[in-house]
Amino acid sequence: MSLPGYALVTGAGSGLGRGIALAFAASGSAGVVFADLNGPAVTQVAEESRKVATNPKYQVLPLKVDVVSEEEVDSMVEAAVRNFGKIDYAVNCAGIGVRVPAAIADASVTEFQRFLDVNVFGIFLCTRALSRAMKAQPLRPVSESNPARGSTRGAIVNMGSCASFVATPHVAQYTTSKHAVLGLTRNAALDNTSHSIRVNCLCPSWVDTPMVSEAVAGNPSLQTLMDNAVPMGRIAQVDEIADIALFLCSDRASYVLPLSVSLLADSTRTAPKYKPVTTMAEGAKGFITDGFPAPGLRKTQRLITGLAEDGKGHFLVTDHGDHHRVMGEQQAVAIIPYSTKENPVELNGEVDVKFAMENEPGLHIINGTVLRLIDFGPGLESPLHRAMSIDYGIVLEGEFELILDSGESRIMRRGDISVQRATAHRWKNITAGGTEPGRMLYALLDCKDVFVPGSGEKVEGFLGELEKEYEGRSA
Ligand SMILES: NC(=O)c1ccc[n+]([C@@H]2O[C@H](COP(=O)([O-])OP(=O)(O)OC[C@H]3O[C@@H](n4cnc5c(N)ncnc54)[C@H](O)[C@@H]3O)[C@@H](O)[C@H]2O)c1
């Protein structure tokens, strides 16, 4: 991919900005502006770029710039236009990451404001100044061979993050700032399309840069989160993200905008990595702090109706269910909205209501039914188990992966339903890449003996690690 025009990169002194600026030089750019708060760093990177540059007329312009200063940002863009005549590609990478995480109740006002200043206001100032400069530039055709691809005045890429879409515990300042970057970019894209300027938001998950090393040093549990959430089993290399940034700046991306496409450099949310484990997830330990519901999920109502002497239906009970039980090491909480001991069920005299109230069932009830709702902690994966029942599973909140003992697995989203016919399986809560709680509802009905087709071998139920959760309870 050749990008023969002029580029401007903020945050070019380190990490992604540095890698992207060097990639422009290596991809034939005629000139690159290296902008960063760290003056000596950009001067050094600019010199380094001369060694990789491939355009014989290559020029560099290193600038010490604070993106929070309106004056400095405007001067940066003016200097770029004065020196190079125009800016064809701009990537706004200057930003800060969290070094000391804190829950929202303990969050610092100064720290929160600092993130809004650098990550949001800084991107706003740069996008504004770049849009003004690009609007004044002449149009050029995107493709000589296909005029229908239109013309361009330039392309801007703002660095968002997977935090533009999802939350990670204890980093509200970062999540807020990156959600804002996506919103700002969408609006800038909308406002600029009529001027033939494309603005996109690049949203990687974790990339191997100094920012991530510092974040892991401040919060070692982040390493576990990254290991579990990234489908490829490793975080991204800087040059892999640089390739995407350059594509977005190039004419090849002439039809890419953030208005209908949210460009993610990682599929953390939709295709979590499957790591076989036999115990409940480490990351979810201690997550259930106060019984039902799990933090972040709604309390549900249970309504029980019955016939009264007037022959009409009335609400008998309004509560949350008869039994609830915290599971594992506070990694999940199960409530039993209802259970029955027979089929057909005796409703007269409210014997069923009495049975449900007085008996906390095991995994299922012989000849009966169990309705169970489970709140899963973030990333929680249940051990492999098999209930000798027909088991209807419905996702109420979040996203889950249903993994069978054959190795087959399916992703289930809110409202999806599984009908498990006595198969051995495990559940994994993959909500927000394994960072948020999720909720499943299960209805289990007893079934007749099941035999393996062909061999005729009788299938037995087993609970594995879940055994201790159901010990001593009626079956
Ligand atoms: N590294 C990741 O995993 C990752 C993932 C997603 C998004 N991002 C985003 O990518 C961008 C770059 O991150 P990185 O990992 O390369 O970080 P980094 O710390 O390696 O580099 C950030 C650069 O921005 C500069 N900077 C900070 N404040 C500035 C200011 N006020 N004015 C000008 N320059 C300033 C720093 O001096 C530094 O050179 C950030 O916006 C970050 O949020 C990073």
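Counting convention: from 1, in listed order, for ligands and their atoms alike.
When non-hydrogen atoms are compared, ligand 1 lies under 4.0 Å from the side chain of Val212 (C-beta onward) but not from its backbone. Neither the backbone nor the side chain of Val238 comes within 4.0 Å of ligand 1, counting heavy atoms alone. Heavy atoms of Leu37 found under 4.0 angstrom from ligand 1 belong to the backbone as well as the side chain. With a 4.0 Å heavy-atom cut-off, ligand 1 is reached by the side chain of Thr209 but not by its N, CA, C or O. Contacts of Lys178 with ligand 1, taken as heavy-atom pairs under 4.0 Å, involve the side chain alone.
Pro210 counts as a contact of ligand 1, since one of its heavy atoms falls under 4.0 Å from the ligand. Ligand 1 lies within reach of Gly160, whose nearest heavy atom is under 4.0 Å from it. In this structure, Pro204 counts as a contact residue of ligand 1, since one of its heavy atoms falls inside 4.0 Å of the ligand. Using a 4.0 Å cutoff on heavy atoms, Ser205 counts as a contact of ligand 1. Note on ligand 1: Val65 sits in its first shell, one or more heavy atoms being nearer than 4.0 Å.
When hydrogens are left out, the protein atom nearest atom 18 (P) of ligand 1 is Ser14 OG, 3.6 Å; that is the closest non-hydrogen contact. Scanning the protein for heavy atoms near atom 10 (O) of ligand 1, the closest one is Met159 CG, 3.0 Å. Counting protein heavy atoms only, atom 38 (C) of ligand 1 is closest to Asp36 OD2, 3.5 Å. Distance from atom 40 (C) of ligand 1 to its nearest protein heavy atom, with residue and atom name: Cys93 O, 3.5 Å. For atom 31 (N) of ligand 1, the closest non-hydrogen atom on the protein side is Asp66 OD1, 2.9 Å. The nearest heavy-atom contact from the protein to atom 13 (O) of ligand 1 is Met211 CE, 3.4 Å.
The closest non-hydrogen atom to atom 30 (C) of ligand 1, taken over Val67, Val91, Asn38, comes from Val67. For atom 44 (C) of ligand 1, the candidate residues are Val45, Val118, Leu16; the nearest heavy-atom contact is made by Leu16. Nearest to atom 22 (C) of ligand 1 by heavy atom, out of Gly15, Gly95, Ala41, Ser161, is Gly95. The closest heavy-atom contact to atom 43 (O) of ligand 1, among the options Phe115, Tyr174, Phe121, comes from Tyr174.
Inspection of the Glu399 and Thr431 side chains reveals no N or O donor paired with an N or O acceptor under 3.5 Å. For the residue pair His425 / Gln420, a side-chain donor-acceptor distance below 3.5 Å is found, with atom types taken as modelled. A donor-acceptor pair shorter than 3.5 Å cannot be found between the side chains of Ser29 and Tyr89.
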Taking distance alone, no hydrogens or angles, what donor-acceptor pairs closer than 3.5 Å link side-chain atoms of residues 5-15 to residues at least two apart or in another chain?
from, atom 1, to, atom 2, distance (Å)
Thr10, OG1, Cys93, N, 3.0
Thr10, OG1, Ala94, N, 3.1

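For Arg414, the CZ atom counts as loosely surrounded, since its 6.0 Å shell holds 12 or fewer non-hydrogen atoms of other residues, nucleotides or ligands. More than 12 non-hydrogen atoms from other residues, nucleotides or ligands lie less than 6.0 angstrom from CG of Asn146.
Checking only distances, Asn119 never comes within under 3.5 Å of ligand 1, N or O to N or O.
Considering only residues two or more places apart in sequence or on other chains, His179 meets the ring-ring contact (aromatic ring centres under 6.0 Å, His included) condition with none of them.
Ion pairing between Arg50 and Glu47 holds under the 4.0 Å rule for side-chain N and carboxylate O. By the 4.0 Å N-to-carboxylate-O rule, Arg426 lies too far from Glu401 to be salt-bridged with it. A salt bridge is absent between Arg298 and Asp375; no separation between the charged side-chain nitrogens and carboxylate oxygens falls under 4.0 Å. We find that Asp88 and Lys86 are joined by a salt bridge, their nearest charged nitrogen and carboxylate oxygen being less than 4.0 Å apart.
Heavy-atom contacts of Trp206 reach the following atoms of ligand 1: 3 (O) (cutoff under 4.0 Å). Taking every non-hydrogen atom of Gly11 and a distance limit under 4.0 Å, the qualifying atoms of ligand 1 come out as 23 (C), 24 (O).
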With side-chain contact (heavy atoms from CB on, under 4.5 Å) as the criterion, how do Phe287 and Gln331 come out once you've worked through the C-alpha distance, each side chain's angles and the decisive distance to 0.1 Å? CA-CA 6 Å; Phe287 186 75; Gln331 289 145 310; over 6 Å; no
Take Tyr58 and Ser49, measure what side chain to side chain donor-acceptor pair (under 3.5 Å) needs, and give me the verdict at the end. CA-CA 10 Å; Tyr58 181 67; Ser49 74; 2.7 Å; yes
